[in-house]
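Computation of the quantities below employed the complete heavy-atom set of this structure, encompassing side-chain atoms and omitting hydrogens, waters and symmetry-equivalent molecules. None of the values given here were measured: they were computed from a predicted structure.
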Amino acid sequence: MANNVYDLRSALELLESIPGQLVQTDVEVDPKGELSGVYRRVGAGGTVQRPTKEGPAMIFNNIKGHPGARVVIGTLASRKRVGRLLDCDPKKLGFMLKDCVESPIPPVTIPNDQAKCQEVVYRADEPGFDIRKLIPAPTNTLEDAGPYITMGMVYGTSPEDGAGNITIHRMCLQSEDEISIFLQPGSRHIGHFRELAEAKGEALPISISIGVDPAIEIGSCFEPPTTPLGYNELGIAGAIRQKPVEMVKCLTVDQLAIANAEYVIEGEILPNVRVREDQNTNTGKAMPEFPGYCGGANPELPVIKVKCVTTRENPIMRTCIGPSEEHVSLAGLPTEASILTMVEKAMPGRVLNVYCGSSGGGKYNAFIQFKKSAPNDEGRQRQAALLAFSAFAELKQVFLVDEDVDPFDMNDVLWSMTTRFQSDRDLISIPGVQCHPLDPSNNPAYDPNIRARGVACKTIYDCTVPYDQKDRFERAKFMDVDPKHWLPDFED
């Protein structure tokens, strides 16, 4: 690739070369609440409580209680920054990822002596082993259930056919060698693999790779139906970089890990063992989730028994804030690609772009730019919205706009809604559909008519002009000029 990014360190080198994209501090910071509190003001964005903003990524070089450790946050907390890291126009990222899903490059396995992730080894059977001391995992708030691994790439394989899969999950450090893992029922392949193994009374061997190429982080967030059971999302990262992701055999479990990760945790998800997520804090809360609220602590979660931790020399911990713009990138970009894939198959060329934006954490809202080129295109825009719901089940709302409206500009979208939308004819509600359980309004406590948590109403806001009235809604035309002629330093 032109930007020569292949791991976390090369990604940080690229960002350091771009003014305003990376900052760092040597001032000591407490990983318990304080680190995230700092970055909330520096660059978290997303659905984080205000004041916040979209800002640079940040490296903390002095972590209280973890001598020599470093933590980086916010690498993907800007769409512009993601574009630089993936070497793509930020507004074309969905299209690029769509192409990569369709042409994956499978990972390869390299010898152990070539794997940077195994430069330093800590085995669980050694005296003094404690993952809480080895891994500088922060808490987002003082109410969190404990230190969380938020950017761990969980890799597992099917006990039936050996198919591999990589996914990001919420994982809380519970003891010196145990981690709880949240596996949302029915939505991720690792959870399915665990169920298959548990049915046999067997543990599921996994690896957790932390601090990897951003292409892997983005690729790991694709979901069915775009990446069905048996599809290994590491192939997407391979396609982004146009070379295979390198894997390596773990030292203590029968599994693979990402060879150039900063940290790798090797372990097994134990069968028929559960733990209360907040057993060490009793706060009743887990951590801030992407909608902007703290999720409730789960009363029982599967347990990972850690066998070993391996690292690079002087490793860099990678973390994120749950409701930040980083989640918008991680969830929203794969969702955009999934919608483009689904709609393009049904009606080629009609959808010009899709944006799954900050207001919905990358999951709840999709803004679809649709072009009507003929009278019989009328109504197809609403069909596109229905296809978007099929492409990504957790989507709650679709906003349809015309080709002259920028779907990435919320002021432009709201202008379109103000002047091209009447709620009595252009709002379409679809009640009683599976949405997302973390939306607190998708709950019987909010509305007794909601039958179960997560089952609620999907809505289409059709802010497009009827084809036969396009001449009535033509925007004022301005001369198209290049301001650089008058302002040489002007940037769009």
Side-chain angles (χ1 to χ4, degrees), residues 7-9 11-12 15 22-25 28-48 52 55-66 68-78 81-82 85 131-154 167-173 179-182 208-214 216-218 220-221 258 261-265 286-290 294-295 309 311-312 314-331 361:
D7 64 359
L8 176 60
R9 298 188 188 198
L12 295 177
L15 296 183
L22 180 67
V23 295
Q24 53 185 307
T25 178
E28 183 182 72
V29 67
D30 193 332
K32 188 174 182 180
E34 190 174 50
L35 186 150
S36 293
V38 172
Y39 194 65
R40 169 209 175 190
R41 300 295 296 270
V42 171
T47 58
V48 171
T52 188
M58 187 170 185
I59 301 175
F60 293 86
N61 293 316
N62 189 349
I63 311 299
K64 183 178 180 180
H66 296 273
R70 293 174 290 169
V71 174
V72 62
I73 186 170
T75 311
L76 303 177
S78 155
R81 189 151 62 243
V82 174
L85 289 168
I131 54 174
R132 296 166 298 187
K133 296 177 181 179
L134 291 172
I135 300 171
T139 64
N140 278 188
T141 77
L142 297 178
E143 296 180 309
D144 285 12
Y148 275 93
I149 297 170
T150 56
M151 291 297 293
M153 310 295 111
V154 182
T167 318
I168 298 176
H169 291 281
R170 172 174 111 201
M171 292 174 285
C172 185
L173 307 187
I179 303 172
S180 62
I181 180 169
F182 178 76
I208 305 167
S209 299
I210 307 168
V212 299
D213 182 352
I216 297 174
E217 295 176 341
I218 294 285
S220 70
C221 292
I258 297 168
E262 297 290 326
Y263 292 83
V264 171
I265 301 171
M287 61 171 286
E289 299 285 4
F290 73 89
C294 280
V309 174
T311 77
R312 297 179 67 157
N314 303 311
I316 306 170
M317 177 68 183
R318 176 79 168 89
T319 191
C320 77
I321 293 174
S324 69
E325 188 70 16
E326 193 142 33
H327 187 280
V328 177
S329 298
L330 288 164

> Calculate, to the nearest 0.5 Å, the distance between atoms CD and OG1 belonging to Glu325 and Thr47 respectively.
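That separation rounds to 9.0 Å.
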> Is a side-chain donor or acceptor of Arg170 paired with a backbone partner of Glu289 at a separation under 3.5 angstrom?
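The answer is no, because no donor-acceptor pair under 3.5 Å joins these two groups.
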> Within the structure provided, determine whether Pro288 and Thr141 are in side-chain contact (heavy-atom separation under 4.5 Å).
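Counting from C-beta outward, Pro288 and Thr141 do come under 4.5 Å.
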> Strictly distance-based, threshold 3.5 Å: is any side-chain N or O of Ser329 a donor or acceptor partner for the main-chain N or O of Leu76?
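Indeed, once roles are kept as given, a pair shorter than 3.5 Å links the two residues.
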> Between CD1 of Ile73 and CD of Glu326, what distance do you get to the nearest 0.5 Å?
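So the CD1 of Ile73 and the CD of Glu326 are separated by 7.0 Å.
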> Under the side-chain contact (heavy atoms from CB on, under 4.5 Å) criterion, do Asp213 and Ile258 qualify, and how do the steps go?
CA-CA 10 Å; Asp213 182 352; Ile258 297 168; over 6 Å; no
> At their closest point, which heavy atom of Ala57 faces which heavy atom of Tyr39, and how far apart are they?
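Minimum heavy-atom contact is CA-OH, 3.8 Å.
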> Step by step, would you call Ile168 with Cys221 a side-chain contact (heavy atoms from CB on, under 4.5 Å)?
CA-CA 7 Å; Ile168 298 176; Cys221 292; 3.9 Å; yes
> Please report the interatomic distance CZ(Arg132) to CD1(Ile179), rounded to the nearest 0.5 Å.
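Output value for this atom pair is 11.0 Å.
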> Could you grab the distance from atom OG of Ser180 to atom CD1 of Ile149, nearest 0.5 Å is fine?
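That separation rounds to 9.5 Å.
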> If you round to the nearest 0.5 Å, how far is CD of Glu34 from CZ of Arg40?
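Here the interatomic distance stands at 14.0 Å.
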> Could you grab the distance from atom CD1 of Ile135 to atom CD of Glu262, nearest 0.5 Å is fine?
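Spacing of CD1 (Ile135) from CD (Glu262) equals 13.0 Å.
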> Mind checking whether Leu85 and Ile218 have side chains closer than 4.5 Å, heavy atoms only?
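They are not in contact (no side-chain heavy atoms under 4.5 Å apart), so the answer is no.
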> Measure across Met153 and Val212 and return the closest heavy-atom pair with its distance rounded to 0.1 Å.
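That would be CG-CG2, 3.9 Å.
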> Between Lys32 and Leu142, does the side-chain contact (heavy atoms from CB on, under 4.5 Å) criterion hold? Intermediate values first, please.
CA-CA 7 Å; Lys32 188 174 182 180; Leu142 297 178; 4.1 Å; yes
> So which of Val72, Thr75, Leu35, Thr25 actually passes side-chain contact (heavy atoms from CB on, under 4.5 Å) with Met58?
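Between Met58 and the candidates, side-chain contact (heavy atoms from CB on, under 4.5 Å) is satisfied uniquely by Thr25.
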> For a quick test of reading the model, state the closest non-hydrogen atom pair linking Ala44 to Ile321 and the distance between them.
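Minimum heavy-atom separation between Ala44 and Ile321: CB-CD1, 4.0 Å.
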> Ignoring hydrogens, what is the shortest heavy-atom contact between His66 and Pro31? Give both atom names and the distance.
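It is CD2-CG, 4.4 Å.
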> Given side chains that start at C-beta, do those of Leu22 and Pro56 come closer than 4.5 Å, heavy atoms only?
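Heavy-atom side-chain distance check fails, nothing below 4.5 Å.
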> Is any side-chain heavy atom of Cys172 less than 4.5 Å from a side-chain heavy atom of Tyr148?
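A side-chain contact exists here, since the closest heavy-atom pair is under 4.5 Å.
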> What pair of heavy atoms forms the shortest contact from Ala69 to Ile63, and how long is it?
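Closest approach of Ala69 to Ile63, heavy atoms only: O-CG1, 3.6 Å.
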> Would you check if the side chain of Thr139 reaches a backbone N or O of Gly33 as a donor-acceptor pair within less than 3.5 Å?
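Indeed, once roles are kept as given, a pair shorter than 3.5 Å links the two residues.
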> Please give me the minimum heavy-atom distance between His169 and Phe182, naming the atom from each residue.
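Result for this residue pair: ND1-O, 3.2 Å.
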> Can you tell whether the side chains of Arg318 and Glu217 come within less than 4.0 Å, N to carboxylate O?
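Salt bridge: yes.
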